[in-house]
*Asks:* 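Once you've had a glance at the structure underneath, I'll fire off some questions.
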Amino acid sequence: MRASHFAINTMKETPAEAEIVSHQLMLRAGMLKKLASGLYTWSPLGLKVLRRVETIVREEMDAAGALELLMPAVQPAELWEESGRWQQYGPELLRLTDRHGRDFCFGPTHEEVITDYARRELKSYRQLPVNFYQIQTKFRDEIRPRFGVMRAREFVMKDAYSFHADAESLEQTYQLMYTAYSRILDRLGLAWRAVVADTGSIGGNASHEFHVLADSGEDAIAYAVDGDYAANVEMAPTFPATQPRPEPAETMTEVATPNARTIEEVAATLDLPASRTVKTLLVTGTESTAVALVLRGDHSLNEIKATKHPAIAEPLTFVDEAEAPKLIGASVGSIGPLGLDIPVIADHAAAALSDFACGANKNGYHITGVNWARDLPEPETADLRDAVAGDPAPDNQGKLDICRGIEVGHVFQLGDKYSRAMNCEVLGEDGKPITPLMGCYGIGVSRIVAAAIEQNFDERGIRWPQPIAPFTVVIVPIGANKDASVMERAESIYADLRARGIETILDDRGMRPGAAFADWELIGIPLRVVVSPRGLAAGQLEVRRRDAEANEDIAADGLFDWLDAHLA
RNA sequence: CGGAGUGUAGCGCAGUCUGGUAGCGCACCUGGUUUGGGACCAGGUGGUCGGGGGUUCGAAUCCCUCCACUCCGACCA
């Protein structure tokens, strides 16, 4: 491709609407243009990246035996009424009416359509298992689209749906998809992690989310440093202490802590680490007006875990600050577990403390040297907090650490939710009808493009992983106006690279070098070759990796060696 | 849906309080000089000032109303 024939259109200034790096850089590099909230036009440059992602996804899905098909984006309401989701789905479902007054929706997902297809297409268990997929544009009418294509309303998704005669077969395909997703993310050149996901109300046995790791990710992931365990922080369990509690060494001492309300203030006033204090939270109980939850000062309550506790009312509700003094005799900030006549539930870590500090249930006072069993009853214990770095991982996999991720894929064992609701049956081995089990497997194709940038950028712009870069190599001739041999040489290199099947763009725009370099660094082309009169005179070419600190001069006839060494 | 904010040229912004017929930087076009890290000079193109209504001799500016967009929250879960 010649740059003069390709719509390269970069921006020096960042549009005010873009909050996150990937959105800013995609706009500045000219990959995207917004049409309306959550709706984007992909430019030729942006589409090149999107297509490369699609191609890798398609190749791996095909390799895993999935069959590509294409379903309509617009779906009749009747199908959604059959599954019950026409009522359930809410305003996120974009509903349409055609000229005859029939209801439709723009598909946010395709379980209904594929199940309808399957019940008409599949007659016998002999046709199972089968795994259909498509790469389609979806629409979800997000309340608040943001972050460009990271959370757009219209987006490109690969979705696959498998059908099985039994659970074992579903499990096999699930594993196959898990492997395929791993291969896809590896091939994309991204750092990623598969995490255990909540199976939620839909049921099913297993679900994993695939996250691209990036500091800006919306989800916090707890993972085993020395193992393969990973889960959303909200899902990661914490465990009772394995060591016995140290013997009490201090006596209880009441300390005035005026103006110390938060744990930080209390810990500073008492000159103790926050991990030697506890905080006591009052929430509404199922059988009592309030339940006291005791957590170590440096830990945070996990509301999902708390809500699952039978003594705690759902949804989780904190006791109003104004109500606390009536119940306890002290305001929020001076509450502790001592002498309470409401149920006390301590997090495992809080229960493992000795000689800790807590509120005195007397405004402006805390008590140090408190010990379970000696000073107050052994509490009921539970897992109530978010996992933190250093916690033990499940299954003896060492310690956990925390990182952030962007969810780009999700694999799910659906079971028979849709096949049963929509009466999808095939004849089994014994001649009797069976309801196939289903799995579904999604990848956010357009989101991957944004996630790749969130993981790979610097102050100059995007640093594409080679497998998805719009071009692998850019050739920048310098001083072509002074020396005709520069352009001749650039052209011949261009022809050579193309002959080798390397995606190359030749910058024939005749710009000043600084401006040209800035453009290609913003756009993020992984490898750059500079042809200049100076270099030609010395028999050299200048090359540079996008992720390198400096230029490299190589012998002109060594270009292919250099490329071979740096092509992914 | 609640709260806050913003709509002026492709992008970033000033002008609005105090009404007088629209401006700056970047980008773009022409010519010239330049050419190794976002060049310079000169001359240009481009705006129903988000839409509609009102007040006024006169509205980007004041009033009413609608719309769009952004942020926070709620909802989705």
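So that the names make sense, note that chain A is the first sequence line, chain B the second, and so on, each numbered from 1.
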*Asks:* Identify the nucleotide, in any strand shown, that forms a Watson-Crick or G-U wobble pair with B:A68, with both distances under 3.5 Å; if there is none, say none.
*Replies:*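 Paired with B:U6.
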*Asks:* Mind jotting down which residue pairs meet the salt bridge (charged side-chain N to carboxylate O under 4.0 Å, His left out) criterion with at least one end in residues 1-12 of chain A? Sequence neighbours excluded, please.
*Replies:*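 Residue pairs with at least one partner in residues 1-12 of chain A: A:R2-A:E491.
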*Asks:* Just name whichever nucleotide pairs with B:U61, Watson-Crick or G-U, keeping both distances under 3.5 Å, else none.
*Replies:*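 Its partner: none found.
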*Asks:* Filter on salt bridge (charged side-chain N to carboxylate O under 4.0 Å, His left out), then keep only pairs touching residues 547-558 of chain A, sequence neighbours left out; what's left?
*Replies:*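 Passing the test, one end in residues 547-558 of chain A: A:R545-A:D547.
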*Asks:* Using the P atom as the point on both nucleotides, what is the distance between B:U16 and B:G7, in whole Å?
*Replies:*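 My reading of the P atoms in B:G7 and B:U16 gives 13 Å.
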*Asks:* Not counting sequence neighbours, list each pair that qualifies as a side-chain hydrogen bond (donor to acceptor under 3.5 Å, both in side chains) and has a residue in residues 531-542 of chain A.
*Replies:*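 Every pair satisfying side-chain hydrogen bond (donor to acceptor under 3.5 Å, both in side chains) with a residue in residues 531-542 of chain A: A:E542-A:N551.
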*Asks:* Taking the six-membered ring for Trp, are A:Y174 and A:H208 parallel (under 30°), tilted (30 to 60°) or perpendicular (over 60°)?
*Replies:*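 A:Y174 and A:H208: tilted rings.
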*Asks:* Using a 4.0 Å heavy-atom cut-off, write out nucleotides 35-40 of chain B from 5' to 3' as B (base contacted by protein), S (sugar-phosphate only) or - (no contact).
*Replies:* BBBBB-
*Asks:* For nucleotides 71-77 of chain B, just jot down a letter per nucleotide in 5' to 3' order: B, S or -, based on protein non-hydrogen atoms under 4.0 Å.
*Replies:* SB-BBB-
*Asks:* For B:A39, which nucleotide in any strand shown is its Watson-Crick or wobble partner with both distances under 3.5 Å?
*Replies:*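 Result: B:U33.
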*Asks:* Hey, are A:E112 and A:S83 close enough side-chain-wise for a donor-acceptor pair under 3.5 Å?
*Replies:*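 The answer is yes; a qualifying pair exists.
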*Asks:* Using Watson-Crick or G-U wobble geometry with both distances under 3.5 Å, which nucleotide pairs with B:G46?
*Replies:*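 Partner of B:G46: none.
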*Asks:* Go ahead and name the base partner of B:U55; Watson-Crick or wobble counts if both distances stay under 3.5 Å, otherwise write none.
*Replies:*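 The base-pairing partner of B:U55, which may sit in any strand shown, does not exist here.
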*Asks:* Nearest 0.5 angstrom please: A:I114 CD1 to A:F132 CZ, how far?
*Replies:*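 Nearest 0.5 Å value for the CD1-CZ distance: 6.0 Å.
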*Asks:* Go ahead and name the base partner of B:G25; Watson-Crick or wobble counts if both distances stay under 3.5 Å, otherwise write none.
*Replies:*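 Paired with B:C11.
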*Asks:* Listed by chain and number, what are the ring pair (Phe, Tyr, Trp, His ring centres under 6.0 Å) partners of A:F457, not counting sequence neighbours?
*Replies:*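 Per chain and number, A:F457 pairs via ring pair (Phe, Tyr, Trp, His ring centres under 6.0 Å) with no residue.
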*Asks:* Any idea how A:F471 and A:F6 line up, ring-wise: parallel (<30°), tilted (30 to 60°), or perpendicular (>60°)?
*Replies:*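 Geometry flag for A:F6 against A:F471: perpendicular rings.
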